[in-house]
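Some notes on the structure that comes next.
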Amino acid sequence: MDFLILLIGLLFGTVLAAGIGERIRLPYPVLMLISSALIAFLPIIPEVHINPELILPLFLPPLLFAAAQRSSWSVFRLRWRSLVLLAVALVAVTVAVVAGVAWAMVPALGLPAAIALGAIVAPPDPVAVEAVAGKVRMPRRLITVLQTEGLFNDAIAIVIFQAAVAASTSGGHVGWDVVPDFLIAAAGAVVLGLAMAWVVGSLNRFVPNLVARSASTLVAPFAVYLLAEEVHFSGVVAVVVTALELGRRARPQDSEERLTRTAFWDVVELLTTGAAFGLVGIEMRYIIEDEGAQLLSFIPGILAVCAAVLLVRFLWMMAIYRMGGTEKNHVPGSLKEVLVLSWCGMRGLATLALALALPGTTLAGDALPGRNFVVACACAVLVVTLVVPGLTLPWLMRALKLPNDHKEADRMERELALRAERVAVETMKRSAAIQQLPPDRRAALAKRMASLHSMLESDEEDESQKMLDRKATLEVMDVVQRQAMDAARREVLEARRQRGMDPEAVDRVLRRLDLRTVTMDRPERH
């Protein structure tokens with residue numbers, strides 16, 4: 001009961017932190033981390049411990065699924081170098097460097113535990129990145145690289161972490177067998193993710209209820225994650241593949257479902273993120289109480305680990321810059337961008353979940369050596385990489401004055417909007433049903449379709465649209481309009497597969513197209 005009360009309190013706190021964060025322009029995860037760490041020391045707060053084995057299954061699936069829904073297979077085809085250099089290579093290098101530093105500073109920790117620490121603090125978090133970087137006017141191409149990096153880097157970190165934990169608790173060692181283990185786990189997870197997407201897609205075509213179809217996407221990430229972990233595949237990769245494949249299978253006529261699902265997942269993501277960051281703040285209380293004065297002896301090792309995490313990322317970004325960037329558009333393309341991408345290596349939920357999931361005892365029942373040091377280091381890295389950038393990133397962006405690349409994205413969105421309008425008009429003209437409409441209604445509908453591109457270039461509602469309320473022509477107009485809008489959405493979805501097309505621009509135009517379809521329908525249904 002105490003844990004349930006605490007969880008409800010964290011959820012309410014998340015809502016409050018989100019509201020305060022909007023007013024003072026700070027990311028709410030930062031506020032939750034700081035406030036929960038302070039509140040945890042109040043005597044009225046009960047001591048509650050969550051089972052470490054529940055941390056990853058509870059928090060990772062929904063947040064990974066939410067983040068992956070904003071991406072697509074096209075993003076990974078376009079940015080495969082970012083995946084290789086950042087999500088895989090940088091994580092591996094960070095694990096190695098941090099493990100070496102930690103083992104040198106605290107020899108009693110042992111090499112397996114040091115490797116576990118490296119795996120805990122290595123992967124930046126896409127949720128943390130979006131929560132922080134999304135509040136400042138950062139160039140879109142930088143945000144995209146950060147988000148792409150964050151989706152798959154958890155997978156390799158978790159495989160290394162699990163191997164290191166197994167060695168720590170059994171007295172064994174971590175070897176090169178983690179490489180084939182990772183490849184096998186990733187390949188199997190891809191198959192599971194594709195299968196789960198097919199199951200959910202088939203179920204959604206069978207279930208007519210819109211709310212039930214949205215609810216199926218909440219069950220899917222938990223189900224595929226648990227299934228993957230049960231057969232020793234990568235739950236992270238399985239969840240991400242499920243989300244990407246469901247996006248690929250999107251049908252043009254599912255506009256209302258996409259809008260409902262987006263709103264639903266925005267709520268899930270906000271509450272889950274807030275609760276997770278609240279838990280790490282509370283965990284700091286237990287670490288301080290358990291270690292007491294011994295925490296002072298942790299300080300040199302903690303400072304060394306934090307410095308290693310920051311320095312490795314900066315040097316790696318600098319090396320990528322010298323090589324010409326991760327992609328053909330050269331990211332990072334300047335020393336300023338190197339600094340921003342280095343400063344935005346924000347650790348978040350994965351670091352928190354892995355730190356709390358570290359077992360307290362070995363298989364023999366003895367206390368796991370150095371556990372509190374590892375968790376203390378993880379908390380320190382969270383503060384340094386999340387709280388500090390969260391408080392200073394707005395100032396840094398103003399000081400650097402990076403050139404804005406939104407004009408290119410706006411140009412691409414404008415082209416997509418014109419393509420969607422052209423296809424919608426052509427489909428309307430070919431519709432046999434339009435011949436049943438009176439000339440004035442036919443002209444009104446043609447005018448509406450001819451102004452579609454102007455509506456899709458902005459997120460704002462077009463208040464000048466007139467409602468067509470004659471019941472005699474409503475059904476016919478609805479048929480023609482749906483045919484035209486479905487054709488427009490099909491054109492936009494096809495554009496996602498074309499080379500050189502920015503997938504994020506496609507998704508923004510598609511969302512506006514979905515919204516226009518729903519707002520066009522609603523006035524006529526009252």
Side-chain angles (χ1 to χ4, degrees), residues 7 10-11 14 29 50-72 87 119-120 123-131 147 150-159 161-162 182 185-186 188-201 203-204 212-247 249 261-280 347-357:
L7 181 60
L10 290 175
L11 296 179
T14 300
I50 184 171
N51 187 341
E53 294 182 356
L54 296 178
I55 295 292
L56 291 175
L58 277 179
F59 292 107
L60 272 184
L63 290 181
L64 284 172
F65 191 87
Q69 284 186 119
R70 293 187 287 272
S71 188
S72 66
I120 289 172
D125 192 298
V127 177
V129 167
E130 186 159 334
Q147 290 173 334
L151 278 178
F152 276 120
N153 56 11
D154 292 344
I156 184 171
I158 289 175
V159 170
F161 172 79
Q162 290 172 338
F182 170 73
V190 169
V191 175
L192 277 180
L194 295 175
M196 179 58 70
W198 180 84
V199 170
V200 173
L203 181 65
N204 286 345
R213 293 201 299 270
S214 297
S216 69
T217 63
L218 178 61
V219 178
F222 290 104
V224 76
Y225 182 91
L226 293 174
L227 179 59
E229 291 297 318
E230 186 67 23
V231 295
H232 305 293
F233 291 160
S234 172
V236 172
V237 174
V239 171
V240 173
V241 169
T242 300
L244 295 176
E245 183 64 10
L246 283 174
R249 290 170 171 266
R261 185 184 301 174
T262 299
F264 171 76
W265 273 99
D266 284 345
V267 174
V268 172
E269 185 176 17
L270 183 141
L271 294 178
T272 307
T273 302
F277 281 95
L279 282 176
V280 75
R347 274 57 177 178
L349 178 69
T351 295
L352 159 68
L354 292 176
L356 296 183

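All figures in this text were calculated on a predicted structure; none of them were measured in a lab.
With sequence neighbours excluded, no residue forms a side-chain hydrogen bond (donor to acceptor under 3.5 Å, both in side chains) with Thr272. Ser216 meets the side-chain hydrogen bond (donor to acceptor under 3.5 Å, both in side chains) test with Asn204; sequence neighbours excluded.
Side-chain atoms of Ile158 and Val236, non-hydrogen and from C-beta on, do get closer than 4.5 Å to each other. Residues Phe222 and Val239 are not in side-chain contact: their nearest non-hydrogen atoms beyond the backbone lie 4.5 Å or more apart. When side chains are defined from C-beta on, Phe233 does not count as touching Val191, because their heavy atoms never get closer than 4.5 Å. With contacts defined as side-chain heavy-atom distances shorter than 4.5 Å, the pair Leu226/Pro57 qualifies. Between Val190 and Val237 the shortest side-chain heavy-atom distance falls below 4.5 Å.
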- Under the side chain to side chain contact (heavy atoms under 4.5 Å, CB included) criterion, do Tyr225 and Phe65 qualify, and how do the steps go? CA-CA 10 Å; Tyr225 182 91; Phe65 191 87; over 6 Å; no

- Assess whether side chain to side chain contact (heavy atoms under 4.5 Å, CB included) is satisfied between Trp265 and Leu218, documenting all intermediate values. CA-CA 8 Å; Trp265 273 99; Leu218 178 61; 4.0 Å; yes

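When all heavy atoms of Ala243 and Ala68 are compared, the pair lying nearest together is CB-CB, 3.5 Å. Looking at every heavy atom in both residues, Ala119 comes nearest to Leu354 through O-CD1, 3.9 Å. Shown here for His232 and Ala185, the closest heavy-atom pair between the two residues is O-CB, 4.0 Å. Among all heavy-atom pairs drawn from Ser214 and Phe264, the shortest one is O-CE2, 4.0 Å. Considering every non-hydrogen atom in both Ala238 and Val224, the closest pair reads CB-CG2, 3.8 Å. Closest approach of Leu7 to Ala275, counting heavy atoms only: CD1-CB, 4.1 Å.
Leu192 CG to Leu227 CG: the interatomic distance, rounded to the nearest 0.5 Å, is 5.0 Å. The CH2 atom of Trp198 sits 10.5 Å away from atom CG of Leu203, with the distance rounded to the nearest 0.5 Å.
A donor-acceptor distance shorter than 3.5 angstrom exists from the side chain of Glu229 to the backbone of Gly235, with no hydrogens or angles considered.
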